[in-house]
There are 2 protein chains.
Amino acid sequence: MDPLSSAFSALADPTRRAILARLAEGEATVNEIAEPFDISLPAVSRHLKVLESAGLITRGRDAQWRPCKLEPKALKGVDDWLSFYRRFWDQRFDKMDAYLTRLQKKEKRK
Amino acid sequence: MDPLSSAFSALADPTRRAILARLAEGEATVNEIAEPFDISLPAVSRHLKVLESAGLITRGRDAQWRPCKLEPKALKGVDDWLSFYRRFWDQRFDKMDAYLTRLQKKEKRK
DNA sequence: TCATTAATTAACAAGAATGTTAAATAATGG
DNA sequence: CCATTATTTAACATTCTTGTTAATTAATGA
C-alpha cells in the first residue's frame with residue numbers, strides 16, 4: 001500500500017489516534033499504552049503494528065520492553081497532502097493563490 | 001462513526017483521493033468523475049457515497065445529473081486534528097510552543 | 001535452570017469494505 | 001407513453017479489519 005493510504009488507514013481508528021496522542025507525551029511500552037483501553041493486549045499489539053507499518057511509530061528494545069515512539073514524518077506526509085487543499089478553507093492561502101496567479105500573468109506578459 | 005474517523009477512512013483510498021483532486025478543479029457529474037478510472041460506475045457511485053457520508057463532498061441535482069462538489073469543512077477537521085502534532089516536525093511550531101510555555105510561566109509568577 | 005514479566009503470533013469468528021453484473025429508479029424529451 | 005441517459009440499489013463474492021483466547025517467544029534474574 002502507498003504510504004499515504006496506510007497513514008490515513010491507520011489514522012481512521014480512534015484507538016490508534018489515542019495511542020498517538022499518548023506517544024506525543026513521550027515514549028511508552030506496550031503495557032503502558034494498553035492500560036487505558038478496554039481491549040486485549042494482542043489487540044493493542046496489532047494496532048501498534050498497523051501504526052508501525054504506516055511509519056507513524058517506531059519500536060525499540062529495552063530488555064523485555066518495546067518502547068514505542070511517535071514518528072512525525074508520516075504525519076508530515078499527511079500534512080503535505082492536505083496542503084494542496086488548504087486554499088479551500090484558509091483565506092490566507094486563497095490570497096496567496098491569487099498573488100501567485102497575478103505573478104504568473106505578469107511573467108507571461110514579458 | 002465519528003467525523004474524523006470517517007474522514008480518515010474515506011481518505012485512505014487512492015481512488016477517493018483522486019476524486020477529490022478532480023473536484024478541486026470544479027464540480028463534476030458521476031460519469032465525468034468515473035471516466036479516468038478502470039472500475040465500474042456502481043463502484044464509483046459507492047466511493048462517492050463514502051465521501052459524502054464523510055462530509056468531504058456534497059451532491060446536488062441538475063436534471064438527471066448529480067453534480068458533486070468538494071466540501072472543505074471535513075478536510076479542515078483533519079487539518080485541525082493534525083495541527084496538534086505539527087510541532088513535531090515544524091520548527092516554527094516548536095518555537096511557538098516554547099514561547100507560549102515561557103509566557104505561561106511568566107503569567108504564573110504574577 | 002526455571003519462574004516471571006513483556007510482548008507477539010496463531011487460529012478463529014464476525015463484520016466491514018470493495019468490486020462485479022443485473023435490475024431498478026429518476027429525469028428528459030420526442 | 002416510451003426510449004434514452006444518468007445514477008443508484010440489489011445480490012453476491014472476496015478480501016481486509018478487528019477482536020478474542022491460547023500458545024509462543026524474548027529477556028531477566030533469583
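Reminder, nothing fancy here: chain letters follow the sequence lines and each chain counts from 1.
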Next item on the list: Measure up the Phe88(A) and Phe84(A) rings against each other and bin them: parallel (under 30°), tilted (30 to 60°), perpendicular (over 60°).
Entry: perpendicular
task = On the 0 to 90° scale, with breaks at 30° and 60°, tag the Phe8(B)-Phe8(A) ring pair as parallel, tilted or perpendicular.
result =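 Because their plane-to-plane angle lies in the 30° to 60° range, the rings of Phe8(B) and Phe8(A) count as tilted.
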- Under 4.0 Å between a Lys/Arg side-chain N and an Asp/Glu carboxylate O for Asp80(B) and Lys73(B)? no
- prompt: Side-chain N or O of Lys49(A) less than 4.0 angstrom from OP1 or OP2 on dT9(C)?
  reply: yes
Check whether any side-chain N or O of Ser45(B) sits under 4.0 Å from OP1 or OP2 of dT8(D), and answer yes or no.
->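 For Ser45(B), the contact criterion (side-chain N or O under 4.0 Å from OP1 or OP2 of dT8(D)) is met.
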Taking Asp13(B)'s backbone N and O only, do any of them form a donor-acceptor pair with Ser5(A)'s side chain (distance below 3.5 Å, no angle check)?
no
**Request:** Verify, without hydrogens or angle tests, whether Arg16(B) (side chain) and Ala10(B) (backbone) share a donor-acceptor contact under 3.5 angstrom.
**Result:** yes
Taking all atoms of both residues into account, what is the closest heavy-atom pair of [X] and [Y], and its distance?
{"X": "Ala28(A)", "Y": "Arg22(A)", "value": "CB-NH2, 3.4 Å"}
{"X": "Pro67(A)", "Y": "Glu27(A)", "value": "CB-OE1, 3.5 Å"}
{"X": "Ser6(A)", "Y": "Ser53(A)", "value": "OG-O, 4.4 Å"}
{"X": "Tyr85(A)", "Y": "Leu20(B)", "value": "OH-C, 3.5 Å"}

Whole-Å gap separating [atom2] ([N]) and [atom1] ([X]):
{"X": "Arg66(B)", "N": "dT28(C)", "atom1": "CZ", "atom2": "C1'", "value": "16 Å"}
{"X": "Phe37(A)", "N": "dT18(D)", "atom1": "CZ", "atom2": "P", "value": "14 Å"}
{"X": "Glu52(B)", "N": "dT7(D)", "atom1": "CD", "atom2": "C1'", "value": "13 Å"}
{"X": "Leu41(A)", "N": "dA10(C)", "atom1": "CG", "atom2": "C1'", "value": "16 Å"}
{"X": "Arg59(B)", "N": "dT25(C)", "atom1": "CZ", "atom2": "P", "value": "18 Å"}

Residues touching DNA chain C, which here means a heavy atom under 4.0 Å, drawn from residues 24-35 of chain A:
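Heavy-atom cutoff 4.0 Å gives Thr29(A), Val30(A), Asn31(A).
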So which protein nitrogen or oxygen atoms get under 3.5 Å of nucleotides 17-19 of chain C's nitrogens or oxygens?
from    : atom 1 : to       : atom 2 : distance (Å)
dT18(C) : OP1    : Arg16(B) : NH2    : 3.1
dT18(C) : OP2    : Arg16(B) : NH1    : 3.2
dG19(C) : OP2    : His47(B) : NE2    : 2.5
dG19(C) : O6     : Arg46(B) : NH1    : 2.9
dG19(C) : O6     : Arg46(B) : NH2    : 3.4

**Item:** Between CZ on residue Arg17(B) and CH2 on residue Trp81(A), distance to nearest 0.5 Å
**Value:**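 Here the rounded value is 7.0 Å.
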* For Asp2(A), does the CG atom sit with more than 12 other heavy atoms under 6.0 Å from it, leaving out its own atoms? -> yes
Give me the distances for all protein-to-nucleotides 24-28 of chain D N/O pairs that come in under 3.5 Å?
none

